[in-house]
There are 2 protein chains.
Amino acid sequence: MEPIYLYDTTLRDGTQGENITFSADEKVKIALRLDDIGIHYIEGGWPGSNPKDMQFFDLAKRVSLKNARLVAFGSTRKPGTAPEQDPNLQALLAGGTPTVTIFGKSWDMHVEKIMANSLEENLAMINDSVRYLKGNGRETIYDAEHFFDGYKNNPDYAVKTLLAAREAGADFIVLCDTNGGTLPFEIDSIFKAIQKRIVDSGDAGSAGLTVKLGIHTHNDCGLAVANSITAVHAGAVMVQGTINGYGERCGNADLTSVIPVLDLKMERPCISGDNLKKLNSLSRYISETANQVPLHNRPFVGKSAFAHKGGIHVSAIMKAPKAYEHMDPALVGNQRRVLVSDMSGKSNVVYKARELGIELDTNGYDSGKIVAEIKQLEQQGYQFDVADGSFKILMEKFTDQFEPLFTLESFRVTIEKDKDRPCSSQATMKISVGGKEEITAAEGYGPVSALDNALRKALDRFFPDLDTMRLVDFKVRVIDGNRGTAAKVRVFIESRDQDQIWSTIGVSEDIIEASWQALADSFQSKLARENQIRSNKIPEQEELPIFNTKGARK
Amino acid sequence: MEPIYLYDTTLRDGTQGENITFSADEKVKIALRLDDIGIHYIEGGWPGSNPKDMQFFDLAKRVSLKNARLVAFGSTRKPGTAPEQDPNLQALLAGGTPTVTIFGKSWDMHVEKIMANSLEENLAMINDSVRYLKGNGRETIYDAEHFFDGYKNNPDYAVKTLLAAREAGADFIVLCDTNGGTLPFEIDSIFKAIQKRIVDSGDAGSAGLTVKLGIHTHNDCGLAVANSITAVHAGAVMVQGTINGYGERCGNADLTSVIPVLDLKMERPCISGDNLKKLNSLSRYISETANQVPLHNRPFVGKSAFAHKGGIHVSAIMKAPKAYEHMDPALVGNQRRVLVSDMSGKSNVVYKARELGIELDTNGYDSGKIVAEIKQLEQQGYQFDVADGSFKILMEKFTDQFEPLFTLESFRVTIEKDKDRPCSSQATMKISVGGKEEITAAEGYGPVSALDNALRKALDRFFPDLDTMRLVDFKVRVIDGNRGTAAKVRVFIESRDQDQIWSTIGVSEDIIEASWQALADSFQSKLARENQIRSNKIPEQEELPIFNTKGARK
């Protein structure tokens with residue numbers, strides 16, 4: 001079977017997404033990662049549309065790609081303009097890429113009503129532009145914008161636009177569902193008709209031309225992945241999409257789903273098995289660079305994609321993973337997670353404790369009793385599935401292994417506000433470490449920040465390593481908000497140092513009390529780990545690369 | 001054509017999602033919203049699995065649904081146990097719902113390897129359990145867990161499990177893609193085979209039984225919506241899914257996509273056009289209640305779903321919206337957003353100001369300047385679309401109409417903690433009303449609660465009506481959580497009295513400052529309204545029913 005060509009447009013169509021922007025420099029780094037995983041075509045931008053994209057192509061000339069071809073994107077020539085005079089086509093050539101993609105109109109309504117152009121001139125624009133690019137030695141991909149809407153409205157004309165591209169020598173013709181409103185059944189039947197008419201027909205043979213078909217979908221109905229694989233099923237050999245599905249409106253086809261479906265489920269391998277294992281880190285790298293919170297439930301690569309909460313499910317996967325896993329998460333570089341929640345049973349807790357090196361039932365600790373206590377805490381609002389640091393401390397407390405590395409003697413926080421000047425917060429804190437007391441005071445952006453600073457200052461005398469640690473995420477959730485300001489709140493804190501990321505939790509009707517619990521657990525976790533490293537119980541890890549700040553979070 | 005039955009399992013399978021939990025009370029409110037939009041079946045929980053779900057069914061007995069049937073979920077009887085003795089089946093009946101769903105095993109591997117059960121006993125468990133529930137007058141839905149995996153492994157046995165349910169009189173048989181690994185082409189061919197064998201076959205006729213087929217999918221390959229509509233295309237008449245696709249791992253089929261695809265694209269109407277317009281607000285209500293950030297690029301109902309960024313696209317949609325919109329966003333209660341232009345913003349603000357009785361441009365106030373200031377505030381994290389009380393105050397300030405009914409002179413909050421005793425909070429506050437000062441002190445559950453109490457006490461001397469007002473919801477969201485405890489927070493407060501519900505907002509790096517802003521706006525709104533009622537500018541309204549606490553929020 002024909003191999004599948006993966007065409008990534010994260011750098012162009014992806015940046016049409018709300019809040020998605022990349023600097024030219026970031027684009028180069030992303031291109032190198034896409035190349036590394038084995039993407040075949042990387043669309044870098046539209047050199048005719050903005051200076052940043054032109055700058056990217058200039059920068060890109062200085063790096064060499066191992067596998068991928070870099071692609072410049074643009075439109076067909078303007079009406080009534082010769083290709084040699086057309087600024088957009090000239091910018092495309094100036095991009096200096098081996099491959100060029102141009103888009104043209106397939107929908108008669110669009111040509112006449114939006115472009116105020118004639119149907120004939122539109123065909124000539126497509127034909128001339130492709131011919132000109134081919135004449136200049138470029139591999140040429142023709143993107144048929146709005147193809148499915150056009151075909152539904154006027155199939156004869158829509159097919160003519162493709163023939164115009166084919167006759168001019170286009171290497172690929174890509175059918176685009178630009179508005180994202182087409183259903184898989186429609187993709188299937190229209191794609192098969194076009195395959196017959198454009199690729200398999202005698203016409204193509206007589207002209208001696210071979211053209212390949214591709215697909216470009218959008219997710220406006222939640223169907224972009226389905227539409228992409230349906231097109232492959234119907235004959236497409238190129239799939240255009242973006243990493244994490246970033247793109248305008250609801251986004252483009254998410255390649256982090258398309259690739260493993262093709263590779264693992266449809267036996268249409270498009271990248272090697274070793275490269276497939278990089279998919280998870282690629283997805284996180286792109287989220288991180290785009291400064292987007294990674295989607296936990298993203299298929300294949302999300303943090304929750306192989307997370308099990310229900311007790312029945314957990315005991316089943318301990319017998320046979322395929323009972324509740326459609327594939328081995330390691331194939332895409334992901335991993336199984338077992339969540340501890342009010343729905344989970346004993347097996348989750350035993351499994352999690354074992355991960356932490358605590359054997360429950362063999363050491364005389366009754367796991368049934370511990371599960372009951374955990375459920376009781378979860379009833380109060382704790383959620384240990386997302387607070388590994390606090391869960392470890394709790395398990396150590398249950399099994400009498402917890403050794404607090406500092407003890408709070410007292411704190412006092414004062415918040416003052418005068419008229420409409422901003423609040424100011426101060427904290428004083430007294431702690432003791434191994435019998436020695438320390439008292440400090442600090443300010444902060446608010447009471448929690450003041451407590452954080454005061455604790456840090458107090459611990460500094462005993463543990464000078466603490467400056468590698470910082471809080472990277474702080475979340476507050478009000479449980480039972482309808483008790484107004486007497487509502488219970490749950491505070492999550494995520495912390496990191498140079499080689500670890502951990503989460504802690506606190507719950508109380510008092511937001512300061514809840515924050516303090518999470519804060520104290522976070523510092524206890526850090527100090528316990530430092531102790532273990534010092535006593536060689538665990539090896540030091542490689543430093544986390546700066547870009548993996550969130551990626552490595554588990 | 002057969003109508004489609006929508007079956008929502010947000011309250012049961014949805015809560016298997018990481019970080020998704022609802023209190024029993026929240027579940028009741030959600031059920032009322034699902035009923036209101038026209039969902040046919042609402043699965044409330046698994047009464048046999050945890051006390052919270054049982055509590056929900058008890059609460060639910062006190063409310064009446066307009067359209068929907070409430071469903072209790074559970075498993076078939078245990079091996080070797082009579083239905084009358086089976087605690088799970090007894091709990092299902094005790095739920096008191098008109099409809100019951102039970103799941104059973106279709107996959108021989110699962111029966112033998114995971115359950116260590118015999119294939120025959122498994123068939124008997126299905127048959128007995130369905131028969132028992134039917135005998136107790138319950139409409140019975142049979143969920144065939146892992147059906148597609150089972151069918152691929154051993155089609156004969158998988159079909160036998162369905163026949164066991166059909167012979168016992170099941171009203172619906174639902175084929176479940178429990179692990180989410182099945183592709184649409186497989187769904188299509190397997191579904192058609194089952195339709196033929198189970199529904200259309202002479203067997204069914206001879207037993208005089210009619211059974212309907214349904215589909216239950218998971219999103220592990222990003223294909224849950226596609227698989228659901230493919231099954232409908234192949235004959236399914238029930239679709240099980242969740243609002244926003246919440247659910248274990250990568251989630252369930254997202255009904256906010258399934259419903260409009262069926263209704264608007266496949267001409268298989270399942271809810272009325274008027275109800276379809278509520279889809280957007282339903283989606284947000286569920287996100288809000290689950291305290292999940294709404295997904296901006298969620299198809300149909302996301303904030304970005306009809307947002308246009310590219311200049312070409314914007315000028316095209318001004319000529320013909322369908323140029324870059326696959327449907328009219330108003331059909332699902334959503335709206336177009338143009339990201340590059342201020343124009344939509346301005347008309348929104350003018351429109352909203354008019355709703356509050358403020359004519360912007362005619363009174364010499366430059367609406368363009370006001371829009372720019374609002375955008376500036378929204379850039380900082382304010383969100384006025386969900387804080388009507390604060391928006392009104394802001395507009396009054398912009399148009400010099402704001403008359404504060406009290407002024408803060410100063411406050412001081414002290415929080416103290418000793419060892420592991422709980423925190424205690426005290427607030428002192430000085431305010432002035434019409435030139436008279438009042439100073440008070442109060443305690444509270446935390447610093448915000450102490451401020452709330454102190455303000456209430458201070459105002460009481462001037463405004464004795466205040467005791468009808470209470471804060472009903474308090475939400476904190478951390479914006480930019482990755483700045484740790486220096487992160488900016490947004491606080492929402494929802495307040496009500498006997499005839500109004502209003503929302504206010506505050507944003508700051510200091511959680512106390514943000515809470516104070518929202519608290520002060522809430523009291524100002526209440527007092528302004530009291531003044532207007534006293535001067536007969538607005539009539540007193542009917543009392544609000546207790547259950548609309550969240551429903552009426554807009």
Trainee: Does A:Phe148 form a ring-ring contact (aromatic ring centres under 6.0 Å, His included) with A:Trp107? I'd like the steps, not just the answer.
Mentor: CA-CA 8 Å; A:Phe148 298 93; A:Trp107 191 0; over 10 Å; no
Trainee: Is there a donor-acceptor contact under 3.5 Å from the side chain of B:Ser23 to the main chain of B:Glu26?
Mentor: yes
Trainee: What is the minimum heavy-atom distance between A:Val413 and A:Pro447, and which atoms define it?
Mentor: CG1-CB, 3.8 Å
Trainee: Does the gap between the ring centers of A:His326 and A:Phe300 come in under 6.0 Å?
Mentor: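 Between A:Phe300 and A:His326, which both carry aromatic rings, the centre distance is below 6.0 Å.
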Trainee: Count the heavy-atom pairs under 4.5 Å between each of B:Lys319, B:Lys419, B:Met429, B:Arg421 and chain A, then report the option with the highest count.
Mentor: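 Option with the greatest count: B:Lys419.
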Trainee: If we define contacts as heavy-atom pairs under 4.5 Å, which of A:Thr414, A:Val476, A:Asp220 has the most with chain B?
Mentor: A:Asp220
Trainee: At a heavy-atom separation under 4.5 Å, does B:Thr230 approach chain A through its side chain, its backbone, both, or neither?
Mentor: both
Trainee: Mind checking side-chain contact (heavy atoms from CB on, under 4.5 Å) for A:Lys417 and listing every partner two or more places apart, or none if nothing turns up?
Mentor: A:Cys423, B:Leu408, B:Phe411, B:Glu513, B:Trp516
Trainee: Between A:Ser257, A:Ala305, A:Gly222, which shows the greatest number of heavy-atom pairs under 4.5 Å with chain B?
Mentor: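 Top count of heavy-atom pairs under 4.5 Å with chain B: A:Ala305.
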Trainee: Taking B:Phe185, B:Phe306, B:Trp46 one by one, which has the highest count of heavy-atom pairs under 4.5 Å against chain A?
Mentor: B:Phe185
Trainee: For B:Val261, is it the side chain, the backbone, both or neither that has a heavy atom under 4.5 Å from a heavy atom of chain A?
Mentor: side chain
Trainee: Using a cut-off of under 4.5 Å on heavy-atom pairs, state which of A:Ala226, A:Cys221, A:Ala316, A:Gly444 scores highest against chain B.
Mentor: A:Cys221
Trainee: Short question: side chain of B:Asp188, backbone of B:Pro184 - any donor-acceptor pair under 3.5 Å?
Mentor: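 Not at all, since once roles are kept as given, no pair shorter than 3.5 Å links the two residues.
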Trainee: By a 4.5 Å heavy-atom criterion (distance strictly below it), what part of B:Lys322 contacts chain A: side chain, backbone, both, or neither?
Mentor: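 Looking at B:Lys322, backbone and side chain both touch chain A.
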Trainee: Let's go through B:Glu325 and A:Arg249 carefully: what are the C-alpha distance in whole Å and the side-chain angles of both, what is the deciding distance for salt bridge (charged side-chain N to carboxylate O under 4.0 Å, His left out) to 0.1 Å, and is it a yes or a no?
Mentor: CA-CA 10 Å; B:Glu325 281 173 4; A:Arg249 306 187 309 272; over 6 Å; no
Trainee: Given a strict heavy-atom distance threshold of 4.5 Å, which part of A:Leu451 is in contact with chain B: side chain, backbone, both, or neither?
Mentor: neither
Trainee: Does any backbone or side-chain atom of B:Glu409 lie under 4.5 Å from a heavy atom of chain A? Answer side chain, backbone, both or neither.
Mentor: both
Trainee: So for B:Tyr246, is it side chain, backbone, both, or neither that comes closer than 4.5 Å to the heavy atoms of chain A?
Mentor: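 Contact with chain A is absent: no heavy atom of B:Tyr246 under 4.5 Å.
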Trainee: Count the heavy atoms belonging to other residues, nucleotides or ligands that lie under 6.0 Å from NZ of B:Lys113, then report whether that count exceeds 12.
Mentor: no
Trainee: Less than 4.5 Å to any heavy atom of chain A: does that hold for the side chain of B:Thr178, its backbone, both, or neither?
Mentor: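 For B:Thr178, side-chain heavy atoms alone lie under 4.5 Å from chain A.
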Trainee: For A:His218, which atoms come within 4.5 Å of any heavy atom of chain B: side chain, backbone, both, or neither?
Mentor: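 Neither part, no heavy atoms under 4.5 Å.
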Trainee: Please classify the contact between B:Met109 and chain A as side chain, backbone, both or neither, with a heavy-atom cut-off of under 4.5 Å.
Mentor: side chain
Trainee: Output the option from A:Asp149, A:Ile317, A:Ile229, A:Asp177 having the highest count of non-hydrogen pairs under 4.5 Å with chain B.
Mentor: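 Top count of heavy-atom pairs under 4.5 Å with chain B: A:Ile229.
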Trainee: Can you tell me which of A:Val489, A:Val225, A:Asp510, A:Asn297 forms the most heavy-atom pairs within a distance under 4.5 Å of chain B?
Mentor: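 Greatest number of close heavy-atom pairs with chain B: A:Asp510.
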Trainee: Under a 4.5 Å heavy-atom cut-off, does chain A meet the side chain of B:Glu145, its backbone, both or neither?
Mentor: side chain
Trainee: Backbone N or O of B:Ala427 within a donor-acceptor pair of the B:Arg412 side chain at under 3.5 Å?
Mentor: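 A pair under 3.5 Å: no.
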Trainee: Using non-hydrogen atoms and a 4.5 Å limit, figure out which bit of B:Leu223 sits close to chain A: side chain, backbone, both or neither.
Mentor: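 Contact with chain A is through the side chain of B:Leu223 alone.
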Trainee: Work out which heavy atom in A:Arg336 is nearest to a heavy atom in A:Pro321; give both atom names and the distance.
Mentor: NH2-CB, 3.3 Å
Trainee: Using the side-chain contact (heavy atoms from CB on, under 4.5 Å) criterion, which residues pair with B:Asn219? Sequence neighbours excluded.
Mentor: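 Scan of B:Asn219 (side-chain contact (heavy atoms from CB on, under 4.5 Å), adjacent residues dropped) gives A:Pro299, B:Ala224, B:Cys250.
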Trainee: Looking at A:Tyr324 versus A:His308, is the centre-to-centre ring distance below 6.0 Å?
Mentor: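 Ring centroids of A:Tyr324 and A:His308 are no less than 6.0 Å from each other.
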Trainee: Chain A: which of B:His146, B:Lys265, B:His110, B:His233 shares the most heavy-atom pairs with it under 4.5 Å?
Mentor: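 Going by pairs under 4.5 Å, I would pick B:His233.
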Trainee: With chain B, which of A:His313, A:Met327, A:Met318 has the greatest number of heavy-atom pairs at distances under 4.5 Å?
Mentor: A:His313
Trainee: Using non-hydrogen atoms and a 4.5 Å limit, figure out which bit of B:Leu264 sits close to chain A: side chain, backbone, both or neither.
Mentor: neither
Trainee: Between B:Ala514, B:Gly181, B:Ala323, which has the largest tally of heavy atom pairs under 4.5 Å with chain A?
Mentor: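 The candidate making the most pairs under 4.5 Å is B:Ala323.
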Trainee: Verify whether one side chain among B:Thr256 and B:Asp254 offers a donor that lies under 3.5 Å from an acceptor in the other.
Mentor: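 Checked: B:Thr256/B:Asp254 side chains pair up, N/O donor to acceptor below 3.5 Å.
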